[in-house]
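The structure appears right after this line, and notes come after that.
Throughout, a chain's letter reflects where its sequence line sits, starting with A, and its residues are numbered from 1. Computation of the quantities below employed the complete heavy-atom set of this structure, encompassing side-chain atoms and omitting hydrogens, waters and symmetry-equivalent molecules.
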2 protein chains.
Amino acid sequence: MMNEHKLSRREREKLRQRREMLAAALDLFSQKGYHNVSLCEIAEKAEFAIGTLYKFFQNKEDLYRALVLEQCDRFEDAISHAIEQPDDEVEKLRNYVRAKTERFRSNLPFIRLYLAESRGASFNIKAGLNEEVRQRHYNFLEKIAAIFESGIKNNRFKNIADPYYLAVALDSAMDASLLLWLDAPERHPYPEDPDTILDIFFKGLIHP
Amino acid sequence: MMNEHKLSRREREKLRQRREMLAAALDLFSQKGYHNVSLCEIAEKAEFAIGTLYKFFQNKEDLYRALVLEQCDRFEDAISHAIEQPDDEVEKLRNYVRAKTERFRSNLPFIRLYLAESRGASFNIKAGLNEEVRQRHYNFLEKIAAIFESGIKNNRFKNIADPYYLAVALDSAMDASLLLWLDAPERHPYPEDPDTILDIFFKGLIHP
DNA sequence: CCTTGAAAATGTGACGCCACATTTATATAG
DNA sequence: CTATATAAATGTGGCGTCACATTTTCAAGG
């Protein structure tokens with residue numbers, strides 16, 4: 001992101017408009033899915049004419065692409081930042097869990113799109129947006145895997161599985177339980193302890 | 001499913017045709033997604049005319065619905081069956097992991113659709129197919145949760161988390177790691193030990 | 001300074017076009 | 001002659017375009 005304050009009034013105005021279009025699009029896409037939203041609808045919701053959308057984005061696919069990738073950046077940056085701070089592996093993981101929970105909480109609409117794209121089976125767009133998002137997600141998982149790896153080297157963690165698989169398991173377990181809670185808060189109340197899932201991984205189920 | 005052998009030749013023939021149509025549709029849908037497949041394509045692949053499809057299904061949505069729900073049944077039946085046999089909780093869970101792995105292995109095309117529908121964000125179809133599939137999945141998770149619960153009662157498992165959350169975590173961790181392997185077998189080879197994921201849950205990471 | 005008006009920049013939405021779901025008229029088989 | 005399969009015909013809806021409308025800019029004249 002460029003520094004917004006160095007732009008002309010006109011350019012700032014354009015950015016603002018662009019953001020409004022993307023916000024409207026995010027709402028609609030995350031609610032109804034790529035193929036069940038028309039540009040007409042987006043234009044109407046954003047209070048612009050259809051033609052204006054085309055001044056900002058080449059076509060529907062381009063708009064969607066921009067939306068998803070920008071949000072991905074924000075999401076991954078937020079979480080990456082959270083795991084950089086402490087040295088301690090356990091604390092890093094706790095920070096990761098909390099940061100992820102917070103992003104789910106505060107940005108649910110996008111989360112639905114993100115999961116749709118990063119899971120294997122969305123097919124929203126031909127030109128491999130899926131691929132790109134998934135690739136980024138894999139790269140991100142490497143960061144979590146690195147924490148596990150370091151913990152195993154330090155002998156803070158037992159060496160019971162490939163660090164990457166540990167990362168995959170933890171990350172997807174978080175996704176699933178957060179989604180459950182967000183989908184039906186009444187039926188699946190938020191775990192009292194935000195680290196419940198993490199504790200499963202730490203403590204293990206079987207008596208030693 | 002009705003017993004096929006009590007039907008007339010004509011009726012058996014119809015069932016066979018129906019199955020062929022659904023098989024073709026499954027291939028296409030799982031590869032390209034609901035909205036990127038036309039009935040023309042399905043008809044061509046199944047070697048029928050378009051009109052014939054309409055003799056069997058009211059419309060495209062109806063066809064897709066039938067496809068997904070029938071496959072869901074098969075999938076859930078197979079796994080439910082696997083966890084009914086042993087009494088031992090650990091063995092039940094091992095059977096669950098193996099059955100699920102086997103279904104992923106042998107029926108990958110459907111798995112992609114299943115995950116797309118059971119995750120929150122697919123939106124292939126307006127009329128809440130998502131909802132129905134997700135609801136079934138939740139119900140299925142109850143069965144896994146019951147195993148954990150029983151294990152905790154027996155004191156075979158430590159009481160570290162709500163059984164339902166344990167089930168959610170294990171199930172999604174399985175999905176994610178199986179998918180990883182299926183998407184890129186060269187980069188993520190199949191874990192030597194099929195129970196790797198399960199062991200993470202059993203043993204725990206931190207030294208006691 | 002303020003006014004004004006024309007040109008440049010920007011916004012608009014009706015419409016062309018096409019892909020595809022569905023229907024219907026026709027051909028074929030039994 | 002009936003039942004069934006077929007594929008051409010029909011209708012719908014959404015993407016993307018473009019000729020026009022509106023707003024902004026800016027300079028010259030009062």
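- Atom CG in A:L39 sits about 20 Å away from atom P in C:dC17, given to the nearest Å.
- Residue A:Q17 has no polar side-chain atom (N or O) positioned under 4.0 Å from OP1 or OP2 of C:dT10.
- Residues A:E61 and A:Y34 form a side-chain contact, since some pair of their non-hydrogen atoms from C-beta on lies under 4.5 Å apart.
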Heavy-atom protein contacts under 4.0 Å, nucleotides 23-28 of chain C, coded B base, S sugar-phosphate only, - none: B-----
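- Rounded to whole Å, the distance from CG on A:L53 to P on D:dG14 is 15 Å.
- Across C:dT22, D:dT6, D:dC15, the shortest atom-to-atom separation from the side chain of B:F48 is found for D:dT6.
- In this structure, the nucleotide among D:dT6, C:dC20, D:dG16 sitting nearest to the side chain of B:S38 is C:dC20.
- For B:T52, the side-chain contact (heavy atoms from CB on, under 4.5 Å) test picks out B:M21, B:F48, B:A49, B:F56, with sequence neighbours left out.
- The nearest whole Å value for the distance from the CZ atom in A:F56 to the P atom in C:dT12 is 10 Å.
- Per the geometry, CZ belonging to B:R16 stands 15 Å off C1' belonging to D:dA5, to the nearest Å.
- Contact annotation for A:T52: base contact, defined as any heavy-atom pair under 4.0 Å involving a base atom.
- A salt bridge does not link A:K92 to A:E89: none of the charged nitrogens lies less than 4.0 Å from a carboxylate oxygen.
- Under the side-chain hydrogen bond (donor to acceptor under 3.5 Å, both in side chains) criterion, A:R103 pairs with no residue, sequence neighbours left out.
- For B:E47 and D:dA5, the CD to C1' distance is 14 Å, given to the nearest whole Å.
- Residues that satisfy the salt bridge (Lys or Arg N to Asp or Glu O under 4.0 Å) test with B:D171, not counting sequence neighbours, are B:K100.
- Residues meeting the side-chain contact (heavy atoms from CB on, under 4.5 Å) test with A:K55, sequence neighbours left out: none.
- Rounded to whole angstrom, the span from the NZ atom of B:K60 across to the P atom of D:dT12 amounts to 19 Å.
- Judged as a ring pair (Phe, Tyr, Trp, His ring centres under 6.0 Å), and not counting sequence neighbours, B:F57 has no contacts.
- Following rounding to the nearest Å, B:K32 (NZ) and C:dA19 (P) show an atom-to-atom distance of 14 Å.
- Side-chain proximity of A:A49 to D:dT6, C:dT12, D:dC15: nearest is C:dT12.
- Distance, B:F57 CZ to C:dA21 P: 15 Å, rounded to whole Å.
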